[in-house]
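Before any comments, here is the structure.
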Protein chains: 2
Amino acid sequence: MNQRQQELLDRLNRTGKILIEEEAEHFSVAPMTIRRDLRFLEKNGLAVQTKNGAIPKPKIYAAPLNMAEDSAIKRKIATKLLEMIEPLSTVMLSTGTTTLTLARLLAQQNLPLTIITNSIPIASALFQTRIKVILIGGELRTTSLDLVGPAAEKYLSEYHIDLLVTGCDGADAEEGFYTSDLNLANLEKMSAKVSDKVIVITESRKFGKKALVKFAEIGDVDAIITDNRLKTIDRELLNRHGIELYIT
Amino acid sequence: MNQRQQELLDRLNRTGKILIEEEAEHFSVAPMTIRRDLRFLEKNGLAVQTKNGAIPKPKIYAAPLNMAEDSAIKRKIATKLLEMIEPLSTVMLSTGTTTLTLARLLAQQNLPLTIITNSIPIASALFQTRIKVILIGGELRTTSLDLVGPAAEKYLSEYHIDLLVTGCDGADAEEGFYTSDLNLANLEKMSAKVSDKVIVITESRKFGKKALVKFAEIGDVDAIITDNRLKTIDRELLNRHGIELYIT
DNA sequence: CTCATATCTGTTAAAAAATAACATTATCTA
DNA sequence: TAGATAATGTTATTTTTTAACAGATATGAG
């Protein structure tokens with residue numbers, strides 16, 4: 001990286017965006033040269049080329065993050081859960097996209113709460129709100145920005161939680177709830193153990209799918225919030241287990 | 001926002017990037033229509049237009065983080081430190097902007113390492129590299145995206161670290177190193193305690209400034225890396241303490 | 001219901017931007 | 001210094017974007 005590219009990067013980070021024409025003039029070089037610089041910076045993961053210029057590479061969320069974010073369904077489910085949160089209580093939000101949507105709603109509400117989580121996106125979403133945020137330490141997963149592992153479990157074992165809110169990768173109305181990561185399953189079990197109440201929030205399409213590891217029996221869960229595409233048979237089975245079922 | 005724009009946004013967030021031609025085909029509309037949608041999303045701060053498409057709007061988190069990022073000076077200092085990192089070792093990177101710059105360089109190098117940190121931006125920067133990342137749990141500070149508090153200290157006390165790399169808010173060539181947060185100072189002390197070697201990386205302009213709390217004596221530190229604007233008097237004082245001093 | 005109005009979409013031509021290919025200049029090294 | 005290598009500039013071509021307008025669709029008041 002040459003001097004000009006360094007300074008270009010500094011200017012980029014300082015202002016949040018640069019324009020090719022402007023920079024060409026500033027450095028007294030041809031626009032083509034700036035283009036080549038931006039190509040270089042992009043190739044090295046330092047910038048993203050935009051229309052007539054570039055912006056800094058997004059820092060916290062890597063682009064290839066396969067995080068299905070805020071869909072209309074998730075927002076409805078999360079909004080329903082919002083009603084069930086008591087001010088001043090301690091709530092654990094386990095990693096997941098629906099819980100992330102919930103966190104974003106909470107950030108807007110700005111209730112006095114303590115949130116415990118093992119998800120970096122959730123902690124970030126709650127940054128600089130009135131909410132006290134405790135992030136559980138542990139090993140960073142390579143698949144998503146969250147923390148798992150024995151250290152995380154041990155850490156969690158010393159807490160008491162009023163309400164655990166979690167999603168799932170798969171659900172079966174008779175068998176229980178599944179996730180695709182063993183470490184995460186262990187953490188979920190520990191979370192449930194130290195929690196007074198457990199609510200699962202999940203899109204109905206997860207029902208009928210089993211993932212790698214079961215982390216909770218149906219009976220371990222106090223309530224489920226899901227969308228109105230849930231099959232009648234599943235609704236009946238869940239009701240038979242005496243679970244509070246909320247359909248949005 | 002209409003139905004198509006909503007879905008476009010969902011697709012954008014899900015995949016991290018969309019292309020105009022593809023979306024035009026997917027929705028069976030003219031490319032011009034997708035262009036107009038992307039213009040709309042950009043105007044509402046939801047997306048950034050790129051060459052043939054768009055990416056999600058980068059979520060900028062903390063003002064203090066954007067302010068002092070990657071400068072040429074920091075990169076030089078961090079590059080020097082890079083030489084001192086042994087493959088396969090366990091390195092702690094304490095929160096700070098210079099250490100963040102270092103983390104970004106490390107992410108590009110992709111060495112086999114274990115990195116322990118209490119900084120969310122640092123952990124995020126190392127996401128999806130060959131580096132094993134351990135994030136120390138704790139309470140999220142309201143001033144920057146990092147974790148401190150008794151829980152973090154206790155967590156750390158159980159580790160052994162080969163090399164601690166930390167910055168500082170203030171330094172005095174006779175007195176030692178300072179930070180402006182009491183909790184963070186305690187964490188730094190604990191980190192130093194469990195580390196074989198301690199290196200401070202900091203811009204020279206921090207010298208001569210004292211911040212709220214001292215977290216290390218000069219003698220506690222094995223090496224300092226700083227830039228060539230360090231005053232002669234400070235250089236002499238540091239040399240007299242027998243510290244390895246690297247000027248970039 | 002109907003007409004008028006506003007909104008949305010598609011089409012085209014023109015403008016702007018990006019690229020590739022080659023020419024020129026600068027830099028390095030033996 | 002000569003020769004090689006890398007960086008930059010220039011130009012023509014291709015691609016992308018825009019603006020402007022025309023047609024289609026939706027909206028709403030009377």
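Here is the naming used below: chain letters follow the sequence lines, and residue numbers restart at 1 for every chain. All values below come from the heavy atoms of this structure, side chains included, with hydrogens, waters and symmetry mates left out.
- Within residues 21-31 of chain B, no residue approaches DNA chain D, by heavy-atom distance under 4.0 Å.
- A 4.5 Å side-chain heavy-atom check between B/Thr95 and B/Thr117 finds every atom pair outside the cut-off.
- Here the P atom of nucleotide C/dA18 and the CD1 atom of B/Ile20 are 13 Å apart, to the nearest Å.
- If you measure from atom CZ of B/Phe40 to atom P of C/dT7, you get 14 Å, rounded to the nearest angstrom.
- Distance, A/Leu38 CG to C/dA17 P: 14 Å, rounded to whole Å.
- Put simply, CD on A/Gln3 is 16 Å from C1' on C/dT27, counting in whole angstrom units.
- Across the protein-nucleic acid pair, A/Leu19 atom CG and C/dA18 atom P stand 10 Å apart, rounded to whole Å.
- Considering only side-chain N and O atoms, B/Thr33 lies nowhere under 4.0 angstrom from the phosphate OP1 or OP2 of C/dC8.
- One atom, CG of A/Asn52, and another, P of D/dT16, lie 15 Å apart when rounded to the nearest Å.
- Checking A/Thr248 against A/Asp227 by side-chain atom types alone, no donor-acceptor pair falls below 3.5 Å.
- Each of A/Ile247, A/Ile199, A/Val200, A/Val165 was compared with A/Ile225 under the side chain to side chain contact (heavy atoms under 4.5 Å, CB included) criterion, and only A/Ile199 meets it.
- The neighbour count for B/Glu86 CD, taken as heavy atoms of other residues, nucleotides or ligands under 6.0 Å away, does not exceed 12.
- Between B/Asn2 atom CG and D/dA26 atom C1' the separation is 13 Å, expressed in whole Å.
- Using a 4.5 Å heavy-atom cutoff, the side chains of A/Phe40 and A/Leu8 are not in contact.
- Distances shown here put every side-chain N or O of A/Arg4 at or beyond 4.0 Å from the OP1 or OP2 atom of D/dA7.
- Of the possible polar contacts, one joining the B/Gln5 side chain to the B/Asn2 backbone as a donor-acceptor pair under 3.5 Å is found.
- Salt bridge B/Asp10/A/Lys74: absent, no basic N to carboxylate O contact under 4.0 Å.
- Looking at A/Asn118, its side chain does come within 3.5 Å of a backbone N or O of A/Leu147 through a donor-acceptor pair.
- In the model, A/Asp181 has no side-chain atom that pairs as donor or acceptor with a side-chain atom of A/Thr179 under 3.5 Å.
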Please write out each protein N/O paired with an N/O of nucleotides 18-25 of chain D under 3.5 Å, distance rounded to 0.1 Å.
from   : atom 1 : to      : atom 2 : distance (Å)
D/dT18 : OP1    : A/Lys51 : NZ     : 2.6

